[in-house]
Amino acid sequence: MRPHLLLIDALNLIRRVHAAVRAPDENSQIDGAISATIASLTRAIKETSPTHCLMVFDGNPPTWRHELFPDYKKGRKPMPEALRKRLGDFNRAFLKMGVKTFRKTGLEADDVIAAIASKASKANAETTILSTDRIFLQLLNVPQIKLRDHFQKIDYQGESVQNLYGFGAEKLTQFWAIAGVGDVPGVQGVGDKGATSLILEHQEISNIFLLGEEAKGAAGKVVKQKEQALLSLKLATLACDLEIGLRMKDLRYETVSKPDPA
């Protein structure tokens, strides 16, 4: 049987579920979010039937991206403090249902997931990444990897990127270096439409730089903001070569049986 690894972007799942729970006070909302997150995870496991599973949390900053770009994630809405203080309860609930968890200071979940998925694909294992974060789309040039939007019940694979953007997953970081994505700033004054035209015409940012001072329009903005574009390219590229120190056998998922009632 071919191994199937399910990698869950923990805070992406938790925060989405938490925001949807309605309750009279913060603690009740978080209690409800724990129950709802476990229900969501149970459904995800049932739908994907993994042989291996890992819940990945963000480690405390700073990360290598903060070192490159001190304003990284500066504009992001902070997690509610009450929820942050209860993350340990979520972690214990995941472990109780047999799902292993990972968190390491200085490492973003995005990079950890990318590194594990890349390593698993080289071992010919199938990997499903559970997240609504577009940053993972860049990994879909590997046939063994797919991205699942758990809430919309949509699976994205290589052809999905081609359909969405008009080019393959291998060009996405080049595109985001110009247009920006999430906490990656991109080139000021160039949006998705302009960035798409540039990628389709020039394929690589380096080819745009070759135009030099003669570049006009969107290409001219990229040339004039070369350092910003190169910084954005680094920020948008997931660190697939990280050594996490986990082996596939460490991630094997085994359903935890509930004890029979007395």
Side-chain angles (χ1 to χ4, degrees), residues 1-17 34-59 87-104 107-161 169 238-260:
M1 181 180 177
R2 187 181 184 185
H4 180 194
L5 173 62
L6 175 62
L7 295 172
I8 304 107
D9 185 354
L11 294 184
N12 180 272
L13 177 63
I14 290 170
R15 294 194 68 174
R16 285 287 301 269
V17 171
I34 292 173
S35 298
T37 301
I38 291 302
S40 284
L41 181 54
T42 300
R43 176 164 66 86
I45 289 172
K46 183 177 181 181
E47 290 171 349
T48 58
S49 301
T51 58
H52 299 70
C53 190
L54 182 67
M55 180 74 68
V56 185
F57 286 84
D58 284 320
L87 288 180
D89 292 339
F90 284 88
N91 190 73
R92 284 184 285 274
F94 299 145
L95 294 173
K96 189 175 181 180
M97 65 179 293
V99 175
K100 296 176 178 65
T101 65
F102 181 90
R103 179 180 181 274
K104 186 174 181 179
L107 293 183
E108 284 188 78
D110 297 356
D111 290 323
V112 173
I113 288 171
I116 295 174
S118 297
K119 188 174 182 179
S121 69
K122 292 173 183 176
N124 203 34
E126 180 184 354
T127 299
T128 297
I129 299 170
L130 197 75
S131 180
T132 61
D133 194 335
R134 288 180 293 163
I135 203 72
F136 293 115
L137 290 172
Q138 66 187 270
L139 302 175
L140 302 188
N141 60 322
V142 178
Q144 295 95 325
I145 300 175
K146 67 181 177 182
L147 175 65
R148 181 167 179 79
D149 183 329
H150 174 71
F151 301 99
Q152 298 296 322
K153 295 186 179 182
I154 298 173
D155 289 324
Y156 296 96
Q157 294 181 288
E159 65 271 16
S160 306
V161 177
L238 294 173
C240 295
D241 57 350
L242 278 179
E243 185 51 57
I244 306 300
L246 294 174
R247 299 167 296 179
M248 279 293 286
K249 69 178 184 179
D250 299 326
L251 309 181
R252 182 168 292 280
Y253 173 69
E254 296 178 4
T255 304
V256 176
S257 300
K258 296 181 180 180
D260 294 330

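Side-chain atoms are counted along with the backbone in the values below, which use heavy atoms only and exclude waters and symmetry mates.
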Side-chain contact, heavy-atom cut-off 4.5 Å: E243 with K119?
yes
Quick one: pull up CG in L87 and CG in D58 and give me the separation to the nearest 0.5 Å.
10.0 Å
Is a donor on one side and an acceptor on the other found under 3.5 Å between the side chain of N141 and the backbone of A169?
no
Kindly determine whether D9 and I129 satisfy side-chain contact (heavy atoms from CB on, under 4.5 Å), including the steps that lead there.
CA-CA 7 Å; D9 185 354; I129 299 170; 5.6 Å; no
Side-chain touch C53/I8, heavy atoms, less than 4.5 angstrom
yes
Can a donor-acceptor pair be found, under 3.5 Å and without considering hydrogens, that links the side chain of H52 to the backbone of P3?
no
Is any side-chain heavy atom of Q144 closer than 4.5 Å to one of K122?
no
Do V161 and Y156 come close enough that some side-chain heavy atom pair is under 4.5 Å?
no
Taking the side chain from N12 and the backbone from T132, do they hold a donor-acceptor pair closer than 3.5 Å?
yes
Heavy atoms only: give me the nearest H150-S40 pair and the separation to one decimal.
CE1-O, 3.1 Å
Rounded to the nearest 0.5 Å, how far does CD of E126 lie from CG of L6?
10.5 Å
Within the distance-only criterion (no hydrogens, no angle test), does the side chain of K100 pair as donor or acceptor with the backbone N or O of R252 below 3.5 angstrom?
yes
Minimum-distance pair of heavy atoms, taken over all atoms of L238 and Q138
N-OE1, 3.1 Å
Quick one: closest heavy-atom pair of A93 and I34, and the distance?
CB-CG2, 4.2 Å
Smallest heavy-atom separation, P50 atom then Y253 atom, equals O-CD2, 4.1 Å
Does CZ in R2 sit with more than 12 non-hydrogen atoms of other residues, nucleotides or ligands closer than 6.0 Å?
yes
List the steps and the verdict of side-chain contact (heavy atoms from CB on, under 4.5 Å) for V112 and R103.
CA-CA 9 Å; V112 173; R103 179 180 181 274; over 6 Å; no
Are the side chains of I38 and F90 in contact, using a 4.5 Å heavy-atom criterion?
no
With distance as the sole test, does S121 use its side chain to make a donor-acceptor pair with the main-chain N or O of S118 at under 3.5 Å?
yes
Any donor-acceptor N or O pair under 3.5 Å, side chains T48, H4:
no
Any idea which heavy atoms bring F102 and L246 closest together, and the distance?
CD1-CD1, 3.7 Å
Could you tell me if the side chain of L7 sits less than 4.5 Å from the side chain of T127, heavy atoms only?
yes
For the residue pair V99 and I45, establish whether any side-chain heavy-atom pair is separated by less than 4.5 Å.
yes
Reported NZ-to-CG distance for the pair K104 and L242, which is rounded to 0.5 angstrom
9.0 Å
Atom pair CG (N91) and CZ (F57), whose distance is rounded to the nearest 0.5 Å
5.0 Å
Report yes if the side chains of C240 and L139 come closer than 4.5 Å at any heavy-atom pair, otherwise no.
yes
Flag this pair as yes if the NZ/CZ of R16 is under 6.0 angstrom from the six-membered ring centre of F151 and inside a 45 degree cone about the axis; otherwise no.
yes
Does D250 use its side chain to pair, donor to acceptor, with the backbone of R247 at less than 3.5 Å?
yes
Measure the spacing between CG of L130 and NZ of K146 and express it to the nearest 0.5 Å.
11.0 Å
Picking from I145, I116, T128, what satisfies side chain to side chain contact (heavy atoms under 4.5 Å, CB included) with L5?
I116
Can you tell me how far apart CD1 (I135) and CG (L147) are? Round to the nearest 0.5 Å.
11.0 Å
